Amino acid sequence: MPRRIYFTHSGLDRAPDLRRDEAWIARHLHDRTTEIVPLWRDRNLITPGDTPTARTVTGAHARGLLRMAGEVALLGMRGDTAFFTADLSQHDLPVLTPVIGGGEFLDLRQVSPVMERREGAVLAYARGLLHWHRRHRYCGECGSPTHSRHGGHMRLCANPRCGREHFPRTDPAVIMLVTRPGPDGGACLMGRQKSWPEGLYSTLAGFVDPGESLEEAVAREVQEEAGVAVTGVTYMASQPWPFPSSLMLGFRARATSVDIHVNPDELDDARWFTKGQIARFGELGLSLPRQVSIARWLVDRWLAEEDG
Ligand SMILES: [Zn+2]
């Protein structure tokens with residue numbers, strides 16, 4: 001069985017109906033059992049260790065923290081416990097230390113491989129939602145300030161003549177493993193960007209253009225980056241990737257051409273790799289993307305297949 005994709009399955013009921021009820025939100029925000037997920041400048045509060053854990057704040061600490069918070073948003077319910085996230089970015093760290101009572105603000109991407117999956121999903125959700133708030137403080141229609149509503153799942157333009165409602169956004173991006181048949185189970189196409197760590201190869205990926213289907217985006221990106229034509233574009237799985245605001249849509253595609261023509265504006269290199277070559281990546285000085293990424297999930301899934 002392929003493993004579960006990181007940053008999914010938070011186990012939270014997002015309570016879309018309840019979060020419109022301001023009295024319900026206020027009551028739960030100040031409930032003793034409510035857990036606050038703090039965020040500071042895109043970093044999550046984590047207790048480090050061999051298995052880092054998400055640190056939430058409850059009770060009296062939570063009340064102090066909420067008084068200092070900028071945006072606060074409901075993440076959802078787990079059983080009878082409400083989870084909110086609170087943005088503390090406007091403060092310097094020393095001011096926050098006594099309020100949070102422990103833990104460190106860390107980049108989720110660095111620690112999530114060794115975290116319990118469900119916790120990583122909650123932290124990713126909090127990070128993505130608060131990032132959207134920070135980038136949408138003004139109305140894109142009329143330029144007036146916007147205010148958070150619906151427990152932090154909508155922002156309303158303060159200008160009564162406009163009154164536009166803004167909802168959280170995610171940017172769709174396609175990510176695809178392109179394969180071709182051949183000996184040793186066939187080969188897959190991977191590339192690398194100049195800015196990546198030396199030797200790292202990954203699946204190709206790119207953002208979806210306006211007026212473009214996902215299938216078209218897959219074919220365009222592979223052609224654009226590596227000069228390879230594809231067919232049989234098949235959806236596999238998706239992954240929220242709130243770094244800062246993407247949804248990765250994972251695909252497989254079959255190559256109908258073999259020759260690679262790397263676009264130097266997009267990639268440093270692209271190559272076909274057989275399963276045998278990937279098995280020897282370590283001795284070749286090459287590496288695959290990290291376990292948390294859907295890129296790695298796509299590669300591992302292909303590696304596990306019998307017929308390539
Ligand atoms: Zn407006």
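Quick caveat: nothing in here was measured; it's all calculated off a predicted structure.
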Between [X] (side chain) and [Y] (backbone), is there a donor-acceptor pair under 3.5 Å?
X	Y	answer
Thr8	Ile5	yes
Glu119	Thr53	no
Ser10	Leu12	yes
His9	Arg4	no
Glu283	Arg280	no
Lys275	Ala304	no

Salt-bridge criterion met for Asp269 and Arg271 (N-O under 4.0 Å):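 Looking at Arg271 together with Asp269, the answer is yes, because their closest N to O distance falls below 4.0 Å.
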Pairing residues for Arg117 by the salt bridge (charged side-chain N to carboxylate O under 4.0 Å, His left out) criterion, not counting sequence neighbours: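 For Arg117, no residue satisfies salt bridge (charged side-chain N to carboxylate O under 4.0 Å, His left out) once neighbours in sequence are set aside.
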Sequence-distant partners of Arg55, salt bridge (charged side-chain N to carboxylate O under 4.0 Å, His left out), two or more places apart: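 Result, salt bridge (charged side-chain N to carboxylate O under 4.0 Å, His left out) vs Arg55: none returned.
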May I ask you to test the [X]-[Y] pair for a side-chain heavy-atom distance under 4.5 Å?
X	Y	value
Met236	Leu298	yes
Thr146	Tyr138	no
Phe105	Leu96	yes
Ile278	Cys188	yes
His166	Cys139	yes
Thr179	Arg252	yes
Tyr125	Thr85	no
Val111	Leu106	yes

Verdict with reasoning, Asp171 to Ser246, per side-chain hydrogen bond (donor to acceptor under 3.5 Å, both in side chains): CA-CA 5 Å; Asp171 304 321; Ser246 296; 5.0 Å; no
NE2 on His131 to CZ on Arg135, rounded to 0.5 Å: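 One gets 4.0 Å once the value is rounded to the nearest 0.5 Å.
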Side chain to side chain contact (heavy atoms under 4.5 Å, CB included) between Arg78 and Phe83, worked out: CA-CA 8 Å; Arg78 186 176 289 156; Phe83 282 71; 3.8 Å; yes
Set of residues satisfying ring pair (Phe, Tyr, Trp, His ring centres under 6.0 Å) with respect to His136, sequence neighbours excluded: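 With neighbours one apart ignored, the set is Trp132.
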Pairing residues for Phe281 by the ring pair (Phe, Tyr, Trp, His ring centres under 6.0 Å) criterion, not counting sequence neighbours: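 Once residues adjacent in sequence are excluded, the partners of Phe281 under the ring pair (Phe, Tyr, Trp, His ring centres under 6.0 Å) criterion are Phe273.
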Within residues 158-167 or reaching into it, pairs that qualify as salt bridge (charged side-chain N to carboxylate O under 4.0 Å, His left out) - sequence neighbours excluded: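 Salt bridge (charged side-chain N to carboxylate O under 4.0 Å, His left out) check on residues 158-167 returns Glu141-Arg164.
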Met248/Ser238 under side chain to side chain contact (heavy atoms under 4.5 Å, CB included): CA gap, chis, key distance, verdict: CA-CA 5 Å; Met248 305 302 290; Ser238 66; over 6 Å; no
Members besides Phe167 in its Ile/Leu/Val/Met/Phe/Trp/Tyr cluster (side-chain heavy atoms under 4.5 Å):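 Met154, Leu156, listed by chain and number.
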Side-chain cluster (under 4.5 Å, hydrophobic types only) that Trp272 belongs to, other residues: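 Members other than Trp272 - counting any ILVMFWY side chain reachable under 4.5 Å - are Val174, Met176, Val178, Leu189, Leu204, Val208, Leu214, Val218, Val222, Val228, Val230, Val233, Tyr235, Leu247, Leu249, Phe251, Val258, Ile260, Val262, Leu267.
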Donor-acceptor contacts, no H, no angles, side chain residues 60-73, under 3.5 Å, sequence neighbours left out:
residue : atom : partner : partner atom : Å
His61   : ND1  : Val99   : O            : 3.2
Glu71   : OE2  : Arg155  : NH1          : 3.0
Glu71   : OE2  : Arg155  : NH2          : 3.4

Aromatic Phe243 / basic Arg127 pairing, under 6.0 angstrom, 45° off normal: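 Verdict for Phe243: no cation-pi partner in Arg127.
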Row check, Tyr6 ring normal vs Arg109 NZ/CZ: under 6.0 Å, within 45°: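 Geometry flag: not set, cation outside 6.0 Å or 45°.
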Pairs involving residues 219-234, ordered by first then second residue, that meet side chain to side chain donor-acceptor pair (under 3.5 Å) (sequence neighbours left out):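 Pairs touching residues 219-234 that pass the test: Glu212-Arg220, Arg220-Glu224.
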Using residues 22-31 as the side-chain source, report each donor-acceptor pair under 3.5 Å to any protein atom, sequence neighbours left out, with the distance given to one decimal.
residue : atom : partner : partner atom : Å
His28   : ND1  : Trp24   : O            : 3.1
Asp31   : OD1  : Thr33   : N            : 2.8
Asp31   : OD1  : Thr33   : OG1          : 2.7

Side chain to side chain contact (heavy atoms under 4.5 Å, CB included) between Leu177 and Val299, intermediate numbers included: CA-CA 7 Å; Leu177 187 78; Val299 173; 3.9 Å; yes
Stepwise side chain to side chain contact (heavy atoms under 4.5 Å, CB included) check, Cys162 with Ser144: CA-CA 9 Å; Cys162 173; Ser144 301; 6.0 Å; no
Kindly list each side-chain donor-acceptor pair under 3.5 angstrom involving residues 41-48, sequence neighbours excluded, with atom names and distances?
residue : atom : partner : partner atom : Å
Arg41   : NE   : Ser89   : O            : 2.9
Arg41   : NH2  : Ser89   : O            : 3.2
Arg41   : NH2  : His91   : O            : 3.0
Arg41   : NH2  : Asp92   : OD1          : 3.4
Asp42   : OD1  : Arg134  : NH2          : 2.6
Asn44   : ND2  : Leu123  : O            : 3.3

Contacts of Pro289 that satisfy side-chain contact (heavy atoms from CB on, under 4.5 Å) - sequence neighbours left out: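 With sequence neighbours excluded, Pro289 shows a side-chain contact (heavy atoms from CB on, under 4.5 Å) to Leu200, Ser202, Ser293, Ala295, Arg296, given in chain and number order.
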